[in-house]
Amino acid sequence: MTRNMQALIEEFGDLESVLQHFLDENQEFLSWLGTTVEHIGDGTMTLAIPYDEKLTNVRPNAPDDRRDDLHGGVAATLIDTVGGFSLRTAIEDEEPFSVGMATINLNVNYLRPATGDLEATANVIRVGQSVGVSEITVESTTPDGETKAVATGQGAYRVFRHD
């Protein structure tokens, strides 16, 4: 870890807070969605987005007492974002936040409608010199309080190292 990263962790208290500050200050769309950093570990990361009516689709003919579903693009955004960021936790030979990332391929499988807060956990499959791959599961809490997977995905990302 470089001195710059150590200084940021000392300033903010932990790596999760450093990344949260980065999202809030530099990622307007993710900030607008209310994205929060829930956990960062070695080869894994969890991000969340709270349920908000502005992010929903209304289903015609849905019962009046049914909560509207979150748009699938919100889950896809979480899959893409946490998949790329999680690769940084597995980079050992460079400062993780000095490495650039760009999505090469994104696969999203929708399992059921999301009607509550979303939480996406990514696990790194492999990060090489120029390409990294992550698998992601997105969960949501149902109106009756049960947490279920609502989407899964896999992302491949181009890793831009500073040589």
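Atom set for the values below is all heavy atoms of this structure, side chains included, hydrogens, waters and symmetry mates excluded.
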Has [X] got a side-chain atom pairing as donor or acceptor with [Y]'s backbone, closer than 3.5 angstrom?
X: R161; Y: S130; answer: no
X: T35; Y: L30; answer: yes
X: T56; Y: E53; answer: yes
X: T44; Y: G41; answer: no

Say you draw a straight line from [atom1] of [X] to [atom2] of [Y]; how long is it, rounded to the nearest 0.5 Å?
X: R126; Y: S134; atom1: CZ; atom2: OG; result: 12.5 Å
X: E146; Y: E139; atom1: CD; atom2: CD; result: 11.0 Å
X: D69; Y: N57; atom1: CG; atom2: CG; result: 7.0 Å
X: L118; Y: S140; atom1: CG; atom2: OG; result: 5.0 Å
X: L47; Y: L23; atom1: CG; atom2: CG; result: 6.5 Å
X: D68; Y: K54; atom1: CG; atom2: NZ; result: 15.5 Å

* Would Q154 and V133 count as a side chain to side chain contact (heavy atoms under 4.5 Å, CB included) if you check the C-alpha gap in whole Å, the side-chain angles of each, and the deciding distance to 0.1 Å? -> CA-CA 7 Å; Q154 185 178 66; V133 177; 3.8 Å; yes
Could you check if a side-chain atom of [X] sits within less than 4.5 angstrom of a side-chain atom of [Y], using non-hydrogen atoms only?
X: T121; Y: V82; answer: no
X: L87; Y: V124; answer: yes
X: V150; Y: L111; answer: no
X: M45; Y: R88; answer: no
X: Q20; Y: T36; answer: yes
X: I79; Y: V138; answer: yes
X: H71; Y: L55; answer: no
X: L70; Y: T115; answer: no

* To do: Test side chain to side chain contact (heavy atoms under 4.5 Å, CB included) on D52 and W32 and set out the steps.
  => CA-CA 11 Å; D52 190 316; W32 180 79; over 6 Å; no
* Tell me, please, whether F160 has R158 positioned over its six-membered ring: NZ or CZ under 6.0 Å from the ring centre and within 45 degrees of its axis? => yes
* Structure fact -> residues 72-84 vs side chain to side chain donor-acceptor pair (under 3.5 Å), sequence neighbours excluded, gives D80-T103
* Give a yes or no on whether N26 atom CG has more than 12 heavy-atom contacts from other residues, nucleotides or ligands under 6.0 Å away. => yes
* Mind running side chain to side chain contact (heavy atoms under 4.5 Å, CB included) on E119 and D117 for me, showing each step along the way? => CA-CA 7 Å; E119 189 171 271; D117 298 345; over 6 Å; no
* Hphob cluster co-occupancy, I125 + Y157, side-chain heavy atoms under 4.5 angstrom -> no
Over all atoms of both residues, closest heavy-atom pair of [X] and [Y]:
X: Y110; Y: A76; value: OH-CB, 3.7 Å
X: I136; Y: A122; value: CG1-CB, 3.7 Å
X: F85; Y: L19; value: CE2-CD1, 3.9 Å
X: G34; Y: P50; value: O-CD, 3.3 Å

* Residues T137 and T152: side-chain donor-acceptor under 3.5 angstrom -> no
* To do: For the pair K148 and T142, evaluate side chain to side chain contact (heavy atoms under 4.5 Å, CB included) and give the outcome as yes or no after the intermediate values.
  => CA-CA 7 Å; K148 293 185 177 182; T142 62; 4.2 Å; yes
* Asked: Can you name the residues that form a side chain to side chain donor-acceptor pair (under 3.5 Å) with D14, not counting sequence neighbours?
  -> S17
